Amino acid sequence: MAMPRSEPDLKPAQKDDRIHVFWHEGMLEHDTGRGVFDTGMDPGFLDVLENHPENSDRVKNMVSILERGPISPFLTWHQGRPALISELLSFHTQEYINELIEADEKQGKTICAGTFLNPRSWYAALLAAGSAISAMKHVLDGHGKIAYALVRPPGHHAQPTRADGYCFLNNAGLAVQSALTSGLDSVAVIDIDVHYGNGTAEGFYRSDKVLTVSLHMNHGSWGPSHPQNGTVDELGEGEGFGYNLNIPLPNGSGDSGYACAMTELVVPAVEKFEPQVMVLVIGQDSSAFDPNGRQCLTMEGYRKIGQIVREMADKHSKGRLVIVQEGGYHVTYSAYCLHATLEGVLNFPAPLLSDPIAYYPEDDSFATRAVESIKKYQRGIVPFFK
């Protein structure tokens with residue numbers, strides 16, 4: 001006789017645990033257009049052009065899975081708001097902000113490859129930046145320990161002086177800067193988007209107050225807007241030397257490979273740095289099915305990363321954690337992987353959602369060797385490891 005299946009315990013590990021979500025539907029008004037992938041180009045011989053990968057549908061599904069999925073009872077929603085120009089100048093230069101304002105006044109401009117500022121894009125970008133800043137303020141003011149800025153357009157490629165990779169304003173960087181302005185002197189940023197968080201790294205490259213750690217596929221520079229390579233030797237400069245840690249992982253790295261990198265590289269670095277608040281920059285483009293990445297994370301991998309980051313926040317930052325949304329371009333699976341990440345952050349004892357496309361083979365030996373090589377390099381050159 002078959003035994004009845006037990007339902008998972010729908011309670012986080014800690015009583016009354018909640019995630020405060022900052023969102024504004026005005027961010028859906030950023031229209032990235034259609035064409036050949038992200039080029040905006042119509043070659044004239046294709047009957048069906050695709051949406052730009054960074055389109056509103058991907059985020060609509062993220063919103064809906066959080067509103068109606070099993071994690072919904074453990075979320076509190078807050079209205080996002082546009083950032084002030086004065087706030088933007090804490091990270092970006094006046095000249096760059098003027099360039100974006102001028103492009104908006106002229107009803108749009110191709111800022112760089114694949115990055116289109118169209119009518120209402122500037123408003124959406126201001127909402128994304130303001131929502132990330134508000135999420136940080138919510139945590140620092142003691143209104144909640146965990147906040148999630150569900151934002152678009154993304155931001156982690158935006159540098160102080162230029163746009164890059166679908167990003168205009170560096171949402172995470174602005175949130176970090178607001179923490180520093182409030183009086184904190186140690187903030188750790190863990191970026192798991194499949195692409196190097198070059199803009200955030202550039203913004204704090206000469207600072208020892210911000211530890212920036214990026215786990216990304218080994219893609220290198222992709223042109224004038226993205227001169228950084230994301231290699232292990234880009235460690236920061238001056239007082240910031242050793243506070244920018246890059247973890248370029250081989251293509252095909254999956255759940256085991258990422259868990260190894262988190263355990264062997266990220267956890268020890270955060271342990272040494274002892275941040276007062278942590279920022280988790282999430283992109284579901286590291287998933288096995290994303291059109292814009294070549295890694296193999298599944299829901300289980302994202303769930304594990306969420307658990308590890310939450311454990312670090314509890315240990316070092318009094319539980320204070322701000323999560324900022326970046327990429328993730330598979331319209332459905334990105335939403336599932338987001339749900340899994342937040343499940344991990346809340347430390348549910350069992351998955352709330354099963355993986356709809358689950359299994360993908362992973363040879364973790366490549367990632368493990370890469371992690372060991374990076375570990376050896378960092379231990380020999382990063383001052384706080386010596």
Side-chain angles (χ1 to χ4, degrees), residues 19 21-40 48-69 71-72 75 77 80 114-118 120-121 123-125 127-129 131-132 148-158 163-169 171-172 191-195 197 216-217 280-299 301-302 305-306 323-343 353 355-357:
I19 297 177
V21 182
F22 286 78
W23 159 252
H24 193 295
E25 64 180 8
M27 288 181 271
L28 298 175
E29 297 181 28
H30 173 44
D31 183 359
T32 47
R34 298 172 66 84
V36 176
F37 198 59
D38 65 1
T39 65
V48 180
L49 295 176
E50 60 189 312
N51 287 330
H52 187 290
E54 203 294 281
N55 61 72
S56 61
D57 287 347
R58 54 182 283 270
V59 174
K60 287 178 182 177
N61 272 348
M62 293 179 186
V63 172
S64 64
I65 202 170
L66 298 186
E67 287 183 332
R68 304 198 300 273
I71 203 170
S72 62
L75 307 178
W77 293 79
T115 308
F116 309 109
L117 195 145
N118 292 319
R120 303 299 288 173
S121 296
Y123 177 58
L127 285 172
S131 298
Y148 167 46
L150 176 46
V151 295
R152 76 175 287 263
H156 73 150
H157 297 311
D164 177 39
Y166 316 160
C167 304
F168 304 105
L169 301 173
N171 309 314
D191 189 330
I192 62 167
D193 187 279
V194 81
H195 305 107
H216 48 268
M217 67 179 183
L280 173 60
V281 180
I282 57 172
Q284 295 79 26
D285 44 5
S286 303
S287 86
F289 305 99
D290 198 273
N292 225 343
R294 295 295 177 267
Q295 302 297 49
C296 292
L297 277 175
T298 69
M299 288 176 68
Y302 284 104
I305 290 171
I323 306 164
V324 181
Q325 181 62 45
E326 294 292 345
Y329 306 104
H330 191 292
V331 172
T332 53
Y333 198 55
S334 293
Y336 275 85
C337 292
L338 166 62
H339 195 285
T341 306
L342 299 188
E343 288 178 41
L353 275 180
D355 197 319
I357 44 182

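Bear in mind that the values here come from a model prediction, so they are computed numbers and not experimental data.
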Do the side chains of [Y] and [X] get nearer than 4.5 Å, heavy atoms only?
{"X": "Val194", "Y": "Asp290", "value": "no"}
{"X": "Ile71", "Y": "Leu66", "value": "yes"}
{"X": "Leu297", "Y": "Ile305", "value": "yes"}
{"X": "Asp38", "Y": "Glu54", "value": "no"}
{"X": "Tyr302", "Y": "Ile282", "value": "no"}
{"X": "Asp191", "Y": "His156", "value": "yes"}
{"X": "Asp193", "Y": "Asp285", "value": "yes"}
{"X": "Tyr148", "Y": "Leu75", "value": "no"}

If you round to the nearest 0.5 Å, how far is [atom2] of [Y] from [atom1] of [X]?
{"X": "Glu29", "Y": "Ser56", "atom1": "CD", "atom2": "OG", "value": "10.0 Å"}
{"X": "Ser286", "Y": "His195", "atom1": "OG", "atom2": "NE2", "value": "8.5 Å"}
{"X": "His24", "Y": "Trp77", "atom1": "NE2", "atom2": "CH2", "value": "13.5 Å"}
{"X": "Asp31", "Y": "Arg34", "atom1": "CG", "atom2": "CZ", "value": "10.0 Å"}
{"X": "Cys337", "Y": "Glu343", "atom1": "SG", "atom2": "CD", "value": "10.5 Å"}
{"X": "Trp23", "Y": "Leu28", "atom1": "CH2", "atom2": "CG", "value": "4.0 Å"}

For the student: nearest non-hydrogen atoms of [X] and [Y], plus distance:
{"X": "Asn171", "Y": "Ala132", "value": "O-CB, 3.5 Å"}
{"X": "Gly26", "Y": "Ala124", "value": "O-CB, 4.0 Å"}
{"X": "Met62", "Y": "Ser334", "value": "CE-CB, 4.0 Å"}
{"X": "Thr32", "Y": "Asn118", "value": "CA-ND2, 4.3 Å"}
{"X": "Cys167", "Y": "His157", "value": "SG-N, 3.6 Å"}
{"X": "Ala128", "Y": "Pro153", "value": "CB-O, 3.8 Å"}

- Check step by step if side chain to side chain contact (heavy atoms under 4.5 Å, CB included) holds for Val324 and Val151. CA-CA 7 Å; Val324 181; Val151 295; 4.2 Å; yes
Check: [X]/[Y] side-chain N/O donor and acceptor closer than 3.5 Å:
{"X": "Thr332", "Y": "His330", "value": "yes"}
{"X": "Gln284", "Y": "Tyr333", "value": "no"}
{"X": "Asn61", "Y": "Tyr336", "value": "no"}
{"X": "Asn292", "Y": "Tyr166", "value": "yes"}

- Among Leu338, Asp355, Ile357, Thr341, whose side chain to side chain contact (heavy atoms under 4.5 Å, CB included) with Met299 holds?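 Exactly one option meets the side chain to side chain contact (heavy atoms under 4.5 Å, CB included) with Met299, and it is Asp355.
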- Message: Quick one: does any side-chain atom of Arg58 pair with a main-chain N or O of Tyr329 as donor and acceptor, under 3.5 Å?
- Response: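 No, because the side chain of Arg58 does not come within donor-acceptor range (under 3.5 Å) of the backbone of Tyr329.
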- Is the backbone N or O of Phe37 less than 3.5 Å from a side-chain atom of Glu50, with the two atoms forming a donor-acceptor pair by type? yes
- Please check if atom CD in Glu67 has more than 12 non-hydrogen atoms from other residues, nucleotides or ligands closer than 6.0 Å. yes
- Task: Sort out for me which residue in Tyr123, Phe116, Phe168 forms a ring-ring contact (aromatic ring centres under 6.0 Å, His included) with His30.
- Result: Phe168
